[in-house]
Amino acid sequence: MAPKGDNIQQAIRDHFGVPVTVNSAFRTEPYNRKVGGAGKSYHLTGQAFDIVVKGHTPLEVARHAQSLGIPGIIQYNSFVHVDSRPTRYWARNDNGKVTVKSSF
């Protein structure tokens, strides 16, 4: 079973041995629209956060999140989106071009 909420961040921090920077977590609907978030974003329900781990690539972070069993992972060019959706969705978003992944 995947860790939840703050435990995800702590598990990632423990693995890499450096702080995890959260760039975005809960969003209001107006702010979500302003930043171009998805209409049904998990950020709107507090079930998602976007992170950066200093000294590690988004691919490294996405691979570790996958190893933790986290169901929602989207690897962007400069950060990783992590969420607790009920079904697995792993993807790579390269400047708007989304590729669904079976693994990272």
Side-chain angles (χ1 to χ4, degrees):
M1 179 178 223
K4 304 235 185 260
D6 290 344
N7 292 330
I8 292 171
Q9 296 165 29
Q10 190 62 52
I12 292 170
R13 180 184 176 141
D14 290 346
H15 174 77
F16 290 109
V18 295
V20 173
T21 301
V22 178
N23 293 336
S24 181
F26 174 79
R27 296 179 187 160
T28 63
E29 287 186 27
Y31 184 76
N32 192 58
R33 280 192 300 275
K34 179 181 175 182
V35 298
K40 294 188 179 194
S41 172
Y42 283 87
H43 288 281
L44 296 171
T45 59
Q47 294 177 272
F49 50 85
D50 300 337
I51 59 172
V52 173
V53 179
K54 186 175 182 177
H56 297 279
T57 67
L59 178 57
E60 290 175 291
V61 176
R63 283 182 175 153
H64 184 62
Q66 179 183 2
S67 77
L68 294 172
I70 296 168
I73 305 167
I74 304 172
Q75 175 202 348
Y76 288 82
N77 293 333
S78 60
F79 66 93
V80 176
H81 167 97
V82 177
D83 68 55
S84 59
R85 65 186 70 210
T87 58
R88 190 182 86 187
Y89 180 77
W90 295 336
R92 166 88 170 103
N93 185 320
D94 186 9
N95 295 318
K97 180 182 178 205
V98 178
T99 306
V100 175
K101 311 279 281 179
S102 60
S103 68
F104 289 98

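Note that these values count all heavy atoms, side chains included, but never hydrogens, waters or copies made by symmetry. Since the structure is predicted, the reported quantities are computational estimates derived from the model, not experimental observations.
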Quick one: are H43 and D50 in side-chain contact, heavy atoms under 4.5 Å?
yes

Side-chain (R63) to main-chain (F104) donor-acceptor, under 3.5 angstrom
yes

For P58 and S78, which heavy atoms make the closest approach, and how far apart are they?
CG-C, 3.8 Å

same_hphob_cluster(L44, Y89) at 4.5 Å side-chain heavy-atom cutoff:
no

Hydrophobic cluster identity match, V22 and I73, side-chain contacts under 4.5 Å
yes

Considering non-hydrogen atoms only, spot the tightest contact between H81 and A48 and give its length.
CE1-CB, 3.4 Å

V80-I74 co-clustered via ILVMFWY side chain contacts under 4.5 Å
no

Applying side chain to side chain contact (heavy atoms under 4.5 Å, CB included), name anything that partners F16, two or more places apart in sequence or on another chain.
I12, V18, V53, H56, E60, V61, H64

Which atom pair, heavy atoms only, marks the closest approach of W90 to I70?
NE1-O, 2.9 Å

Under 4.5 Å side-chain linkage, directly or through intermediates, the cluster mates of F26:
none

If a pair satisfies side-chain hydrogen bond (donor to acceptor under 3.5 Å, both in side chains) and one of its residues is in residues 29-42, list it, with sequence neighbours excluded.
R27-N32

Supply the atom-to-atom distance I51 CD1 to Y76 OH, rounded to the nearest 0.5 angstrom.
13.0 Å

With R85 via side chain to side chain donor-acceptor pair (under 3.5 Å) - residues at least two apart
D83

Listing, residues 91-101 side-chain donor-acceptor contacts under 3.5 Å, not counting sequence neighbours, or none:
{"from": "R92", "atom 1": "NH1", "to": "Q75", "atom 2": "O", "distance (Å)": "3.4"}
{"from": "R92", "atom 1": "NH1", "to": "N77", "atom 2": "OD1", "distance (Å)": "3.0"}
{"from": "R92", "atom 1": "NH2", "to": "N77", "atom 2": "OD1", "distance (Å)": "2.7"}
{"from": "N93", "atom 1": "OD1", "to": "G96", "atom 2": "N", "distance (Å)": "2.8"}
{"from": "D94", "atom 1": "OD1", "to": "N77", "atom 2": "ND2", "distance (Å)": "3.2"}
{"from": "N95", "atom 1": "OD1", "to": "N77", "atom 2": "ND2", "distance (Å)": "3.3"}

